[in-house]
Amino acid sequence: MNDFKSYEIISGNRDKGMVILGDHAMRHLPERYERLGLPETAFSRHIAYDIGIEGLCRELSARLGVPAVLGGFSRLLIDPNRGEDDPTLIMKISDGAIIPGNHPITDEEWNYRIEAFHRPYHRAVDETIKSVADATGKAPLVLSLHSFTPAWKGVPRPWHASVLWDSDERAVLPLLAKLRADPKFLIGDNEPYDGALRNDTMYRHCMVKGIAHALLEVRQDLIGDEAGISEWAERLAPIFSAMNDDPALHEYKRYPSRTGPYDEA
């Protein structure tokens with residue numbers, strides 16, 4: 001248990017001013033949880049992690065030479081892209097799969113998972129973003145990568161990729177424009193989810209601090225193997241690089257959140 005890592009930081013050049021995040025990149029569990037009572041096959045499904053995102057984060061980090069932070073644990077254990085007060089932080093059921101190791105759950109275990117897994121990941125994100133800001137003297141550009149299923153409850157999802165966001169449009173609009181420049185792809189805007197989620201990763205590390213950011217979702221069947229990952233890394237790397245060259249994306253400017261007023265300390 002003491003050897004389990006809640007995150008992985010991929011080294012990169014902090015002077016470049018960009019950070020890549022992969023909240024749901026991995027599907028690992030500490031041995032003590034014994035797969036949470038689920039069959040091994042559950043950990044090949046989207047309920048356990050974002051398929052293809054670990055490889056995409058690693059390849060983009062390497063191509064761009066920038067640091068990345070990857071979540072080191074399965075979202076079935078605790079979801080790093082939820083606030084600590086979110087009732088879906090530890091799921092009892094996910095896409096029809098009952099998770100025996102999560103129900104019933106004591107308050108002590110709930111709080112232990114926050115302290116042992118959730119908070120260390122977010123400290124790593126915070127420290128990496130701060131180190132990039134310190135190296136450049138400017139706000140970093142933060143790009144978070146996720147993936148979504150090709151269909152949900154039998155309904156196909158037509159988008160090849162989608163950009164999720166709250167109200168800070170600075171990185172979102174150029175990303176949408178560059179992705180939509182290729183007519184082969186259908187690119188969603190806040191599809192199949194709305195990007196305004198209070199206390200999620202983008203909210204706590206970017207919205208609150210006035211850092212330009214975007215969350216990109218790629219459809220899982222497009223990055224389900226090495227060929228697909230390489231294809232999308234090749235497509236995204238020049239787009240991300242061009243965005244990073246824009247001085248306007250390295251200024252601190254806080255936008256009001258669609259989720260409501262910020263909690264001021």
Side-chain angles (χ1 to χ4, degrees), residues 5 7-26 50 52-72 80-81 120-147 161 163-166 168-179 181-182 195 200-218 223 229-255:
K5 289 292 292 182
Y7 59 87
E8 179 182 345
I9 297 176
I10 301 173
S11 62
N13 186 348
R14 268 102 172 128
D15 292 338
K16 291 194 173 183
M18 182 191 296
V19 177
I20 293 172
L21 302 179
D23 294 335
H24 301 142
M26 300 186 192
D50 275 354
I53 289 303
E54 178 181 357
L56 188 58
C57 285
R58 291 187 187 280
E59 189 155 344
L60 281 168
S61 175
R63 285 174 180 260
L64 295 166
V66 300
V69 186
L70 308 182
N81 195 35
Y121 171 71
H122 284 286
R123 283 195 293 268
V125 171
D126 188 58
E127 290 165 4
T128 302
I129 290 174
K130 184 178 185 302
S131 72
V132 172
D134 289 345
T136 62
K138 300 175 182 178
L141 171 63
V142 178
L143 297 167
S144 180
L145 302 179
H146 291 252
S147 66
V163 182
L164 307 191
W165 58 297
D166 187 338
D168 185 346
E169 64 186 19
R170 290 174 294 169
V172 171
L173 296 184
L175 179 55
L176 283 170
K178 291 176 187 299
L179 289 169
D182 190 331
D200 71 352
T201 300
M202 294 291 89
Y203 181 96
R204 67 186 291 176
H205 295 288
C206 298
M207 285 295 293
V208 170
K209 298 176 182 178
I211 293 173
H213 61 283
L215 189 158
L216 178 66
E217 294 258 8
V218 182
I223 53 172
I229 289 169
S230 292
E231 180 181 339
W232 273 86
E234 184 175 356
R235 178 174 298 119
L236 293 172
I239 293 175
F240 286 2
S241 181
M243 292 169 60
N244 197 47
D245 288 340
D246 184 353
L249 300 187
H250 295 285
E251 298 175 357
Y252 290 98
K253 183 179 179 182
R254 192 161 78 157
Y255 288 67

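Side chains included, hydrogens not; waters and symmetry mates left out as well; all remaining heavy atoms used.
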Set of residues satisfying side chain to side chain contact (heavy atoms under 4.5 Å, CB included) with respect to A214, sequence neighbours excluded
L143, V163, A171, V172, L175
Of the non-hydrogen atoms in I211 and H213, which two are nearest, and what is the gap between them?
O-ND1, 2.8 Å
So, taking the atom named CG in D168 and the one named CG in L173, what distance separates them when rounded to the nearest 0.5 Å?
9.5 Å
Distance, nearest 0.5 Å, that separates OG of S147 from CG of D50
4.0 Å
For G17 and V132, which heavy atoms make the closest approach, and how far apart are they?
CA-CG1, 3.5 Å
With under 30° as parallel and over 60° as perpendicular, where do the rings of H146 and H24 fit, or are they tilted in between?
perpendicular
Please give me the minimum heavy-atom distance between L56 and I229, naming the atom from each residue.
N-CG2, 3.6 Å
Answer whether the closest heavy-atom distance between the side chains of M18 and L64 falls below 4.5 Å.
yes
Contacts of type side chain to side chain contact (heavy atoms under 4.5 Å, CB included), residue A62, not counting sequence neighbours
none
Test log, rule side chain to side chain contact (heavy atoms under 4.5 Å, CB included), inputs L70 and I20:
CA-CA 9 Å; L70 308 182; I20 293 172; over 6 Å; no
Compare all side-chain heavy atoms of E127 with those of V69 and state whether any distance is below 4.5 angstrom.
no
If I compare all heavy atoms of A237 with all of R63, which pair ends up nearest, and what's the gap?
CB-CD, 4.1 Å
Go through the steps to decide whether Y203 and V208 satisfy the test side chain to side chain contact (heavy atoms under 4.5 Å, CB included), and finish with yes or no.
CA-CA 6 Å; Y203 181 96; V208 170; 3.6 Å; yes
Rounding to 0.5 Å, atoms CG (L60) and OG (S241) come to a distance of 11.0 Å
Can you confirm whether K130 is buried at NZ, in the sense that more than 12 heavy atoms of other residues, nucleotides or ligands lie under 6.0 Å from that atom?
no
Are the side chains of V142 and H205 in contact, using a 4.5 Å heavy-atom criterion?
no
Whether the side chain of H250 engages the backbone of A139 through a donor-acceptor N/O pair (distance < 3.5 Å, no angle test) should be reported.
yes
Here the gap from Y121 atom OH to D23 atom CG, rounded to the nearest 0.5 Å, amounts to 3.5 Å
Does R170 use its side chain to pair, donor to acceptor, with the backbone of K253 at less than 3.5 Å?
yes
Can you confirm whether D126 sits close enough to K209 that some side-chain heavy atom of one is under 4.5 Å from a side-chain heavy atom of the other?
yes
Can a donor-acceptor pair be found, under 3.5 Å and without considering hydrogens, that links the side chain of S131 to the backbone of T128?
yes
Taking the side chain as every heavy atom from C-beta outward, state whether D166 and M202 have any pair of such atoms under 4.5 Å apart.
no
Approximate separation, where rounding is to 0.5 Å, of L216 CG and I239 CD1
9.0 Å
Between C57 and L145 the two heavy atoms that sit nearest each other are SG-CD1, 3.8 Å
What are the two closest non-hydrogen atoms of E169 and P174, and how far apart are they?
O-CD, 4.1 Å
Please tell me if the side chains of T201 and H122 come closer than 4.5 Å, counting only heavy atoms from C-beta onward.
yes
Side chain of S61, backbone of V66: donor and acceptor closer than 3.5 Å?
yes
When rounded to the nearest 0.5 Å, the distance separating CD of E8 from CZ of R58 is 4.0 Å
